[in-house]
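Here is the structure we will look at.
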Amino acid sequence: MMTFEELGLKPEILKALQELGFENPMPVQEKVIPLLLSKNTDIVALAQTGTGKTAAFGLPIVEQTDTKSKKTQALVLAPTRELCLQIADDLNDFSKYVDSLSVVPVYGGASIEVQIKALRNGAQIIVATPGRLIDLINRGVAKLENVSKVVLDEADEMLNMGFEDDLKTILAQIPENRNTLLFSATMPPAIASIAKNYMSNPLEVTIGQRNTGAENVKHVCYTVHAKDKYQALKRIADYYPNIYGIVFCRTRKETQEVADKLMHDGYNADALHGDLSQSQRDFVMNRFRLRQLNLLVATDVAARGIDVDSLTHVINYNLPDDVEVYTHRSGRTGRAGKTGISIAIINLREKHIIKQIERIINKKFELQDIPSGRGICEKQLFHLIDKLERVEVDEDEIAPFLTTTFKRLEWLDKEEIIKRFISLEFNRFLEYYKNMPDLEIPTEHSRREGQRDSFREGKREGRREAGAPRTAEKGYSRLFLNLGKEDGLYPPDLIELLNQYSQGRRIKVGRIELMKKFSFFEVPEQDAQFVVDSMKGASVSGRRIAVDWASGGENEGKQQSRGRDDFKRSGERSGFKKFGERGNRGEHGDRKRFDKDRGEKNERNNSGNRSDRSEKKEKGSFRGEEKKKYGRKKENRR
Ligand code: AMP
């Protein structure tokens, strides 16, 4: 193994590295540092996050900066403000003992005036997000004509976020004899094209196998019914008492909802997504860094800047649309020599995606059953006993209280004391899981049965659509929803929708009938009014959702204002005109409508703009309202 001395770094840097506890270079550093110090080579490095890549490019940059000149000599571009700050911090750490070296981070969402001042004072190294840098170039403050080293960090992420044109604009401003280094976790064609068009004969350095998930990450998959997803998440969180992880969701809305439910259920959790203002994001992130939160529920975009190396878990509450993104997610755990677990909670329909991911990460998922209530209780109990065994007893501090304590407890024998102590800490788990059945494991058989049922239902549906409504199963009420197959609605979507608005209450869903333009579903009688009420004001893709009592059968009496005829005549159900934003429906007539709602494309684009350009707009977000509702009281777990 090489040493940093052997790599040829100057004593001031070696001293700083020693203080940082960097004993030996990591593989990416061993490969990249000598190349950068000895030759003017362009490099494309395929390296996951957490592999030590910041030092790989940062140390040679610090080493080669001419501190006698105040001109900007190196530029590091990164996708997010958080990563920008993290890189600038690292560079400052590496250059702690190098005199007169100035690193200036510039990024969106912060005062441009302050950054202008900092740049005017001289910045030999600029670390920037692309959008803000272009602003500063246009204002004539960021001057790149003397830049000889450019780093594109997390280049794939920058492209994902829509920064491709910005990157090209920036690269066009920098002299061609520069040295360009590109770091990326994946190698999509757009990266290859940047390498081809903006770099000269780059050397390709691969750390680990291409696209491989981090070595020390175990990949685990739980298959559940869509309606059980949230319960599954809770069980996983309970099964790992020391969990410190990120729960990835697809949309900002889902992110907020899952976080709200977790907070409501007493977990130390919070949400991080693009609907939050920068200061809200900073607040949440800081709490997470300080481990005041065990679970951070986040979108991919928002999670990009999280610089925490000690995550025990990454949980894919929903798999990403782009399977490559899984690599980024799972790479957030198992960092800096630690082990981690990346969990995917999926339903049967998503099994093929797991296969695709396995091919990309070149590893198999362990298929596990969702922990049983008993299993969770045992795990929590052992955790408690473990804590008891490890607790440090401060003999001096505790001594004055012992006499009274012993006296108070002398009527209890050891066994009784242990039982009571355990109950004190543990009753809440026992209570919660006492009568809780195991989550049903979906099987191919149940799926086929489900499909057969839907087929039979479908055949009947044809008849009913033109005629009388059916009656609900015994004990169930039949409800109407103003979304149907043409809106891309499938049964799991409907269940997910209900879960989203059920405020943590578990709603059993009976038969579901999907028509072209609307649907019927059944819920237990006692829950029906609650569902109708809780769905008021709900929306998907900005379209209002309406749930109401269906006409006919036993629900007829509960109908508020409509008669059976409302359903009889036309597909448009004139009686339901009050839900009437149905006029544009045609243009969304496929599954994409739902997928789009889940997708983050909008967020990506917005986020790029937002982080660099328009933070102000974000005040008064939905989250603010929600915070008022739930407050932050229930920070402690159940
Ligand atoms: P990075 O991939 O640059 O985000 O680095 C991941 C983590 O590894 C950071 O916490 C670094 O401080 C740490 N690190 C980087 N290089 C070394 C090294 N040579 N020895 C020990 N830790 C390191």
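Read the numbers this way: they start at 1 and go in the same order the structure lists the ligands and their atoms.
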Who's closest to atom 20 (N) of ligand 1 heavy-atom-wise, of F183, F22, F4? F22
So, R178 and T180: side-chain donor and acceptor under 3.5 Å apart, yes or no? yes
Of P27, G21, G52, the residue with the heavy atom nearest atom 5 (O) of ligand 1 is G52
Centroid-centroid distance, Y240 to H313, less than 6.0 Å: yes
E19/K15 salt bridge by N-O under 4.0 Å criterion: no
Any N/O pair T54/ligand 1 closer than 3.5 Å: yes
For residues F57 and F183, establish whether the separation of their ring centroids is below 6.0 Å. yes
Hey, what do you get for CG (N294) to CG (D270), rounding to the nearest 0.5 Å? 12.0 Å
With atoms numbered from 1 as shown, which atoms in ligand 1 lie under 4.0 angstrom from a non-hydrogen atom of M26? 14 (N), 15 (C), 16 (N), 17 (C), 18 (C), 19 (N), 23 (C)
With a cutoff of 4.0 Å, is N24 in contact with ligand 1, counting heavy atoms of the residue only? yes
